[in-house]
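Report on the structure given below.
Please read all numbers here as calculations on a predicted model, not as lab measurements. Every heavy atom of this structure was used, including side-chain atoms; hydrogens, water molecules and symmetry mates were not.
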Amino acid sequence: MFGGAGTLPPSTIPTDMNMGRTLANITIALCLTALSASCAHDNAYVDIDDPGMHDIELSGTNPFTVNFRASAEWYARIFYEQGDTTRWLNVTPLSGSPNITSVTIMAKSANYTGSDRHADVEIKLPGNVGTQIRVTQPAVARPRQLSGIRRTLIGGTLDGPAELSFEYADESDEVTSFTTGSGDGAVTYSVEKGSSSGTVTMASGGSESSFQIKMLDGRAYGYENLEWSFADANTGIILNRSTVSISLSYDNSEDKLLQKITRNETMSMRNGETLDTAQVINETFDYFYDNLRVDSICHITTYNPNDEAKMVQDTVQYKLNYPTQETGYQDNNLTANVWNIFVLPEAQGTPFYSLTGFWLLGLTGDPQSNFPESADITTQIHSQEGLQTPWPTRYLYSYHRNGDELSDAATDIVFPSSTPRLTMTFSYETPAGDGEEGDDI
């Protein structure tokens, strides 16, 4: 992404006694001004369809699309105000042809600075004319920190924890730990981050255990050869035992968007029985984006990938659909990164065994800015395990707000023969001096 401080240097109009040459120079100068609606030189032009789009105001982190016409290959770049080093704006695409003439402008985060912030987006032909868009993002009040979520499922059996609560770093929205369950069954997961590694600690009752994860710039890159044992809650008998490795990769953009999660598992015990030959399971989650929002997720599970003669592969594709500006965007202003709970409500098993823990601790970067309204699900299932699993065909999401805060949200999980509803109710911390913490909305 291009960027820099300040605006373009002012164009100058050279003095010339010849009226024709003077008018030509004036035309060239106007093509470089910030509010040029249509500029042409040697049949080159960049022309924004609606002149009012030269000065736009963003609504939170919602996308804003500007349509224009260009006579040749073009590129876009961002100019920030003097002293602004936050690089808060995203423009997609950053280049295109005369057949691709629209850009989506979107703030990467809400503006909690206390004053409006501004930037200029220039759309330009290389070495030729261009036009500029002034972008303003108004300041908004910082939301209260999310203190907990209560999950209920009507019409089915809840997978994963029914209650979650969160702890934050001092004077920060960064989640440092979260707790699943309550009472004697509560388990707390906490993380200490270093420059190249981190330590995840799981504590329950009087016992705790920990493991190391690879990290860079606050993002998790995975762990290797961690042994997982899952016991029956009543008898303590080990039911499943396996060795698991997880790796995460990110794209090369400035935003370092999560690109792929790979999970390799070698299972030596299943349902209390030791397997004669360990079963190898390989899972990948591929993420595809539309601007800063996830457009689709492809989940591929391969069984026994080391034995090609027996290799079986299942594919589940999630295509996400978002509200438009006309139907009303759904802002994600939650402080804890719980986006994956909305999008994949059935994938919420034991934290860190599934993907839950990474998202909740915010180890995969900043939370996504908008929530989807639905997800269409397509499957190609071939394994015995997959054929025994009922797969939904669609998720339908609904959200309810109390002012600017999300009070509860629901996911209708559409199966061919039933539609259970997963509901999440949110509670928030009350600022000091305003009452007790954790007041429910």
Are the side chains of [X] and [Y] in touch, meaning some heavy atoms are under 4.5 Å apart?
X      : Y      : answer
Pro345 : Tyr395 : yes
Pro392 : Ile413 : yes
Phe371 : Leu406 : yes
Ser418 : Pro420 : yes
Leu320 : Val343 : yes
Lys108 : Leu292 : yes
Glu405 : Arg401 : no
Asn337 : Val175 : no

Neighbour count above 12 (heavy atom, 6.0 Å) for Asn252 CG: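 Not buried by this count: 12 neighbours or fewer within 6.0 Å.
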Atom NZ of Lys193: over 12 foreign heavy atoms under 6.0 Å: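 Correct, the count exceeds 12.
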Could you tell me which residues satisfy salt bridge (charged side-chain N to carboxylate O under 4.0 Å, His left out) with [X], sequence neighbours excluded, listed by chain and number?
X      : answer
Asp116 : none
Asp251 : none
Glu227 : Arg241

Looking at every non-hydrogen atom in both residues, tell me the closest pair between [X] and [Y] and how far apart they are.
X      : Y      : value
Gly386 : Asp314 : CA-OD2, 3.7 Å
Leu248 : Gly222 : CD1-N, 3.7 Å
Pro138 : Thr136 : CD-O, 3.7 Å
Leu89  : Val121 : CD2-CG2, 3.9 Å
Tyr287 : Ile297 : CE2-CD1, 3.7 Å
Gly328 : Pro323 : O-CB, 3.0 Å

Short question: side chain of [X], backbone of [Y] - any donor-acceptor pair under 3.5 Å?
X      : Y      : value
Asp331 : Asn333 : no
Asn370 : Asn62  : no
Thr315 : Ile300 : no
Asn332 : Leu334 : yes
Asp84  : Glu81  : no
Thr393 : Val414 : yes
Gln137 : Ser109 : yes
Glu167 : Ser190 : no
Tyr289 : Leu258 : yes
Thr335 : Leu146 : yes

Derivation and outcome, salt bridge (charged side-chain N to carboxylate O under 4.0 Å, His left out), residues Arg151 and Glu163: CA-CA 6 Å; Arg151 304 170 72 231; Glu163 295 183 18; over 6 Å; no
Which label fits [X] and [Y]: parallel for a plane angle under 30°, tilted from 30 to 60°, or perpendicular past 60°?
X      : Y      : value
Phe166 : Tyr168 : tilted
Phe285 : His299 : parallel
Tyr428 : Phe426 : tilted
Phe342 : Tyr399 : tilted
Phe68  : Trp74  : perpendicular
Tyr223 : Phe211 : perpendicular

[X] with [Y]: basic N within carboxylate O range, under 4.0 Å:
X      : Y      : value
Arg77  : Glu122 : yes
Lys319 : Asp376 : no
Arg69  : Asp47  : yes
Glu254 : Lys256 : no

Any side-chain donor near an acceptor of the partner, Thr201 and Ser210, under 3.5 Å: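 Their side chains do not contain a donor-acceptor pair, so the 3.5 Å distance test is not met.
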Flag for Ser102-Thr65: side-chain donor and acceptor within less than 3.5 Å: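 No pair is found: no donor N or O on one side chain lies under 3.5 Å from an acceptor on the other.
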Evaluation steps, ring pair (Phe, Tyr, Trp, His ring centres under 6.0 Å), between Tyr221 and Tyr250: CA-CA 9 Å; Tyr221 280 79; Tyr250 307 86; 5.0 Å; yes
Chi angles and distances behind the salt bridge (charged side-chain N to carboxylate O under 4.0 Å, His left out) call for Lys260, Asp286: CA-CA 5 Å; Lys260 182 189 289 286; Asp286 293 297; 2.3 Å; yes
Among Asn264, Thr262, Thr302, side-chain hydrogen bond (donor to acceptor under 3.5 Å, both in side chains) partner for Asn282: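 Considering Asn264, Thr262, Thr302, a side-chain hydrogen bond (donor to acceptor under 3.5 Å, both in side chains) with Asn282 is found only for Asn264.
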Stepwise side-chain hydrogen bond (donor to acceptor under 3.5 Å, both in side chains) test for Gln212 and Thr199: CA-CA 5 Å; Gln212 298 295 306; Thr199 301; 2.9 Å; yes
Evaluation steps, side-chain hydrogen bond (donor to acceptor under 3.5 Å, both in side chains), between Thr92 and Asn90: CA-CA 7 Å; Thr92 303; Asn90 180 275; 2.9 Å; yes
Separation between CZ of Phe415 and CH2 of Trp391, rounded to the nearest 0.5 Å: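 Phe415 atom CZ to Trp391 atom CH2 measures 9.5 Å (nearest 0.5 Å).
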Test salt bridge (charged side-chain N to carboxylate O under 4.0 Å, His left out) applied to Asp412 and Arg421, step by step: CA-CA 5 Å; Asp412 290 309; Arg421 165 169 279 209; 2.8 Å; yes
Verdict with supporting geometry, Glu385 and Gln279, side-chain hydrogen bond (donor to acceptor under 3.5 Å, both in side chains): CA-CA 12 Å; Glu385 292 85 351; Gln279 183 179 33; 3.1 Å; yes
